[in-house]
Amino acid sequence: AAAPAQPAAPPGNLPAAVRQLIGREGDVQALVDLLAGPRPPARLVTLTGVGGIGKTRLALATARRLRDQHAVDFPDGVFFIPLAPLSDSSLVLPAIADALGVRSKGGQGLAGALADELRYRRLLLVLDNCEHVLAAAPDVATLLAAAPGLRVLATSQALLNLYGEHEYPVWPLALPDPATLPLIEALAQTPAVALFCEAARAADARFRLTLENAAAVAQICARLGGLPLAIELAAARSKTINAAPK
């Protein structure tokens, strides 16, 4: 007998995860509850925080969870729109339209074409790195007003300042106290140290957290304030502790 047909995956363009998201499981679940929980869902959620704090990775992990476990809420898909390459706010709507495959028709403007296309669709847009194109926020508001089934998850160093916006601050990863280091097993579970170890192993497969290097790793993570991007860069470059003792 033929194997049963698998349900079609919802449309979308989310990039595959390259690394495991560390120390953010509670944040992912909180965001999922905001966007698709039992209470009335938030239409617009903005992840805020400094550069390198991990907003994009958290947004993508949340979007994948929503796509995989809450597809019924987003039957028309989950789409990722990276805004960092854009040089001007006027390019935001074209970027959204390009991701969705929408084109203006006749004398209709792109905003109108997008509004018409989204009016009866239920989908999630992930707008990444909005801080330098905040002038396009009214365009996002127009789409949300026209399409009741649309939800937006944005990342930005500043709020979009739109009605109904829910801010979700992203904080640094939890750190160990270098003055009172726990046992190696417990230290390795501390989010900042766990991320350092994963990045260090990616740079050198021989890396192990040991009694000899534990204090140095904890001090590096603390000095970097739990900032994920800085921790990853430091781990990749720390050749003096990237190999297990011989």
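- The two residues Phe207 and Val217 come nearest to each other via the heavy atoms CZ-CG2, 4.3 Å.
- Electrostatic pairing of Glu131 and Lys55 does not count as a salt bridge here, judged by no charged N lying under 4.0 Å from a carboxylate O.
- Partners of Arg24 according to the salt bridge (charged side-chain N to carboxylate O under 4.0 Å, His left out) rule, which considers only residues two or more places apart in sequence or in another chain, are Asp27.
- Scanning all heavy atoms of the two residues, the minimum distance from Pro148 to Arg119 falls at CD-O, 3.7 Å.
- Checked by atom type and distance alone, the side chain of Gln69 never pairs as donor or acceptor with a backbone atom of Arg65 at under 3.5 Å.
- A pairwise comparison of heavy atoms in Gly225 and Pro172 identifies O-CB, 3.1 Å as the closest pair.
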Query raised in the report: What do the steps show when you test Thr46 against Glu167 for side-chain contact (heavy atoms from CB on, under 4.5 Å), and what is the final call?
Result: CA-CA 5 Å; Thr46 303; Glu167 180 180 13; 5.6 Å; no
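- Side-chain heavy-atom separations under 4.5 angstrom define the hydrophobic clusters, and the remaining members of the one that includes Leu21 are Leu14, Val28, Leu31, Val32, Leu34, Leu35, Val45, Leu47, Val50, Ile53, Leu58, Leu60, Leu66, Phe74, Val78, Phe80, Leu124, Val126, Leu153, Tyr168, Val170, Leu227.
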Requested in this report: Please report the C-alpha distance between Ile96 and Leu143 in whole Å, then the side-chain angles of each, then the deciding distance to 0.1 Å, and finally whether the side-chain contact (heavy atoms from CB on, under 4.5 Å) criterion is met.
Outcome: CA-CA 11 Å; Ile96 295 173; Leu143 295 181; 4.2 Å; yes
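- Of the inter-residue distances, the one linking Cys221 atom SG with Leu175 atom CG reads 7.0 Å to the nearest 0.5 angstrom.
- Distance CG/Leu123 to CZ/Arg67: 14.5 Å, rounded to 0.5 Å.
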Indicate every side-chain donor-acceptor pair of residues 87-95 with a distance under 3.5 Å to a residue at least two apart or in another chain.
residue : atom : partner : partner atom : Å
Asp88   : OD2  : Ser90   : N            : 2.8
Asp88   : OD2  : Ser90   : OG           : 2.6

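- For the pair Asp98 and Arg103, the minimum side-chain heavy-atom distance is below 4.5 Å.
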